[in-house]
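Here is how names work: the chains are called A, B, and so on, in the same order as the sequence lines, proteins then strands, and each is numbered from 1.
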2 protein chains.
Amino acid sequence: MSYSVGQVAGFAGVTVRTLHHYDEIGLLRPGARSAAGHRRYDDADLDRLQRILFYRELGFPLEEVAVLLDDPDIDPQAHLRRQHGLLTDRIERLEKMAAAVERAMEARKMGINLTPEEKFEVFGDFDPDDYQEEVEQRWGSTEAYKESQRRTASYTKEDWKRIQEEADELGNRFLALMAAGTPPESEAAMDLAEEHRQGICRNHYECGHELHACLGRMYVSDHRFTENIDKAGPGLAAYLRDAILANAERHG
Amino acid sequence: MSYSVGQVAGFAGVTVRTLHHYDEIGLLRPGARSAAGHRRYDDADLDRLQRILFYRELGFPLEEVAVLLDDPDIDPQAHLRRQHGLLTDRIERLEKMAAAVERAMEARKMGINLTPEEKFEVFGDFDPDDYQEEVEQRWGSTEAYKESQRRTASYTKEDWKRIQEEADELGNRFLALMAAGTPPESEAAMDLAEEHRQGICRNHYECGHELHACLGRMYVSDHRFTENIDKAGPGLAAYLRDAILANAERHG
DNA sequence: GGTGCGTCCTCACGTCGCGTGAGGTGCAAG
DNA sequence: CTTGCACCTCACGCGACGTGAGGACGCACC
């Protein structure tokens, strides 16, 4: 079972040119070529194309789509789950917009006028804004940051929730150690720090021990991190840093 | 109350360059310029920008957005209604995709494999396909067709439903005349034909009497039209054509 | 009174995801 | 045998901006 460009274009609802383009940029190379040099797509290619079109539909640039599809730790099921998550996120966003439009209709009936900021609330408040800017200033050119951007772009709400839960749980285990009076240089604390590092690797970016140590120091030196972490329990940031540094030294 | 590019870009969540671009192409000209040549946006400009971003978000090309926004028979309320309609359509589509993904997950669990066509059903069966192609062949280069494409692009499901109802109602009134034995050249039939023509003007494209006459002839000469029309009542297509031709002659 | 700095301006070229010919090949049917 | 169709490879075009380059304006602080 193999198909020509025309056939594939037919049931995928794209043009032949699009398939040529995907071949050119290496996003979808047909499994084979006929003797005459004609592209021949097999079933696996169709599956891949389906995924490509799905992510494209949701606005991902083709380059990112390629990264997603070639990521070895995303199997077919994981893709379906992720797709479902992305869809529900998107639906939620549109429903909020619809609700905002309804409110606007109400407001107009009553002759209310909105402030400039309010006028754009339709699009949802994605406003880490000035903070985001500083992040770009400090980290924009590093590899780790770029990788994080790439990976988190396709995270759904459920993904974020899971990551948050993981982090909370880890925090609680650190707090338990602190409460028990276990020193941050102890085996147990260092093991937790190691788990912390691996969590970052899984969810955000490749984080070696050295980078992890930098991160730990910043948890204390940058008060915004400190405050945020200490919300779970005062002193946690400092304890975390010490455990991280001890763990880094152990592996260095 | 007037705002600089930077401010507007700020609360609209777009770049300054985007605003420059919209100015260049005439989509959003700021209400005024300062002495130094700086763009100054007023409240009306903000409203317009909000609409622009809304339609852009739903994937309209900027040129079409301009047409929509400058259409004099779309007042603010109408825009809100249309926006709401477009949103619900979109949500419906995404929900269907989500459902399809769920089915795919089920299918995968049971190890079923899908045929190539089935694989792409996720994207909803928009398959006037070969028919669509012929339409393009025959009408692709005419002004009326382009106008129709432009206008129907922003129609929501509700719009289509309304248009369908209008058409059905008109059909029934024609059938009543036929049943009563009224000739298609009668005043009553010609008036209905005129109403039919004006319906096309409102909902699809500028349709003069001459074009209308062509259309009428085609209703009989192209059997696909004939069959479709005669589903409402046998002989309707021919009767419709005769009434249209009589009406066209009356106005010619 | 200079001297940064931040925001604004206008070119003008670069990018992404294709669309759209132009010109040529391989092969089946009339 | 040639006509037609589906395929091929360049290669330029386009929409919606991104991204500097190079310069003007305004204000704040030394």
Closest non-hydrogen contact found for Ser2(A) with Gln7(A) is O-OE1, 4.3 Å
Hits for side-chain contact (heavy atoms from CB on, under 4.5 Å) against Val16(A), two or more places apart or cross-chain, chain-then-number order -> Val5(A), Ala9(A), His20(A)
Rounded to whole Å, CD of Glu24(A) lies from P of dC12(D) at a distance of 14 Å
The ring-ring contact (aromatic ring centres under 6.0 Å, His included) partners of His84(B) (sequence neighbours excluded) come to none
Q. Closer than 4.0 Å, any side-chain N/O of Ser4(B) to the OP1 or OP2 of dT7(C)?
A. no
Arg29(B) CZ to dC9(C) C1', in whole Å, measures 16 Å
Here the distance between atom C1' of dT10(C) and atom CG of Asp23(B), to the nearest Å, is 12 Å
Salt bridge (charged side-chain N to carboxylate O under 4.0 Å, His left out) pairs touching residues 16-39 of chain A, sequence neighbours excluded, are Arg17(A)-Glu24(A), Asp23(A)-Arg29(A), Asp23(A)-Arg33(A), Asp23(A)-Arg39(A)
In whole angstroms, the gap separating P of dA16(D) from CD1 of Ile52(B) amounts to 12 Å
Q.
Can a donor-acceptor pair be found, under 3.5 Å and without considering hydrogens, that links the side chain of Asp45(A) to the backbone of Asp42(A)?
A. yes
Residues passing the side chain to side chain donor-acceptor pair (under 3.5 Å) test with Asp73(B), sequence neighbours excluded, are none
Once base and sugar-phosphate atoms are separated, protein heavy atoms under 4.0 Å mark nucleotides 14-28 of chain C, 5' to 3', with B, S and - as ---BBBB-----S--
Notebook entry, point to check: Can you check whether Arg39(B) has a side-chain N or O nearer than 4.0 Å to OP1 or OP2 of dC9(C)?
Noted result: yes
Could you tell me whether Arg40(B) contacts a base, only the sugar-phosphate backbone, or nothing, with contacts defined as non-hydrogen atoms closer than 4.0 Å? nothing
Leu19(B) atom CG is separated from dC17(D) atom P, nearest whole Å, by 10 Å
The side chain to side chain donor-acceptor pair (under 3.5 Å) partners of Lys161(B) (sequence neighbours excluded) come to none
Between its two end axes (five pairs each) the helix from dG1(C)-dC30(D) to dG30(C)-dC1(D) turns, nearest 10 degrees, through 10°
Taken to the nearest whole Å, CD/Gln7(B) to P/dG6(C) is 17 Å
Across all chains, not counting sequence neighbours, the side chain to side chain donor-acceptor pair (under 3.5 Å) partners of Arg202(B) are Glu166(B)
With sequence neighbours left out, the residues meeting ring-ring contact (aromatic ring centres under 6.0 Å, His included) with Phe60(A) are Tyr55(A)
